[in-house]
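Sequential numbering from 1 along the given sequence is applied to the chain's residues.
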Amino acid sequence: MASQPVERRRCLSCNRWGGARTPGPEPETVSYDEDNDRGDCQDGPWHGTSRRGPRNACGQWIRWVALGPAPDETQ
């Protein structure tokens with residue numbers, strides 16, 4: 001399993017991304033299988049186009065709800 005920090009704001013940590021993933025073992029990370037790392041954009045700017053990978057990004061990123069609120073939002 002590979003992981004990526006949420007702070008990068010890539011498709012992998014976006015709520016619109018439909019690929020296989022889990023919250024990572026470290027806070028503010030997302031884990032994924034590098035052999036199965038593509039997912040559809042759901043209702044975002046890439047909806048209906050090519051499957052997006054973990055390094056793709058766009059300007060309409062929404063934090064994945066499974067990660068809970070951002071640390072700066074919990075105060």
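- The two residues Trp46 and Ala57 make their nearest non-hydrogen contact at NE1-O, 4.0 Å.
- Between Leu67 and Val30, the closest side-chain pair of non-hydrogen atoms falls below 4.5 Å.
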Atom pairs and distances, side-chain donor-acceptor, residues 9-27, under 3.5 Å, sequence neighbours left out:
{"residue": "Ser13", "atom": "OG", "partner": "Arg10", "partner atom": "O", "Å": "3.3"}
{"residue": "Ser13", "atom": "OG", "partner": "Trp61", "partner atom": "NE1", "Å": "3.1"}
{"residue": "Asn15", "atom": "OD1", "partner": "Val65", "partner atom": "N", "Å": "3.1"}
{"residue": "Arg16", "atom": "NE", "partner": "Gln60", "partner atom": "O", "Å": "3.3"}
{"residue": "Arg16", "atom": "NH1", "partner": "Asp43", "partner atom": "O", "Å": "2.7"}
{"residue": "Trp17", "atom": "NE1", "partner": "Arg52", "partner atom": "O", "Å": "3.0"}
{"residue": "Arg21", "atom": "NH1", "partner": "Leu12", "partner atom": "O", "Å": "2.6"}
{"residue": "Arg21", "atom": "NH1", "partner": "Cys14", "partner atom": "O", "Å": "2.9"}
{"residue": "Arg21", "atom": "NH2", "partner": "Cys14", "partner atom": "O", "Å": "3.2"}
{"residue": "Arg21", "atom": "NH2", "partner": "Trp17", "partner atom": "O", "Å": "2.9"}

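- With sequence neighbours excluded, the residues forming a salt bridge (charged side-chain N to carboxylate O under 4.0 Å, His left out) with Arg51 are Asp40, listed by chain and number.
- Partners of Arg55 under the salt bridge (charged side-chain N to carboxylate O under 4.0 Å, His left out) rule, at least two apart in sequence or in another chain, do not exist in this structure.
- With sequence neighbours excluded, no residue forms a salt bridge (charged side-chain N to carboxylate O under 4.0 Å, His left out) with Asp37.
- With contacts defined as side-chain heavy-atom distances shorter than 4.5 Å, the pair Asp33/Met1 qualifies.
- For Glu28, the side chain to side chain donor-acceptor pair (under 3.5 Å) criterion is met by Arg63, not counting sequence neighbours.
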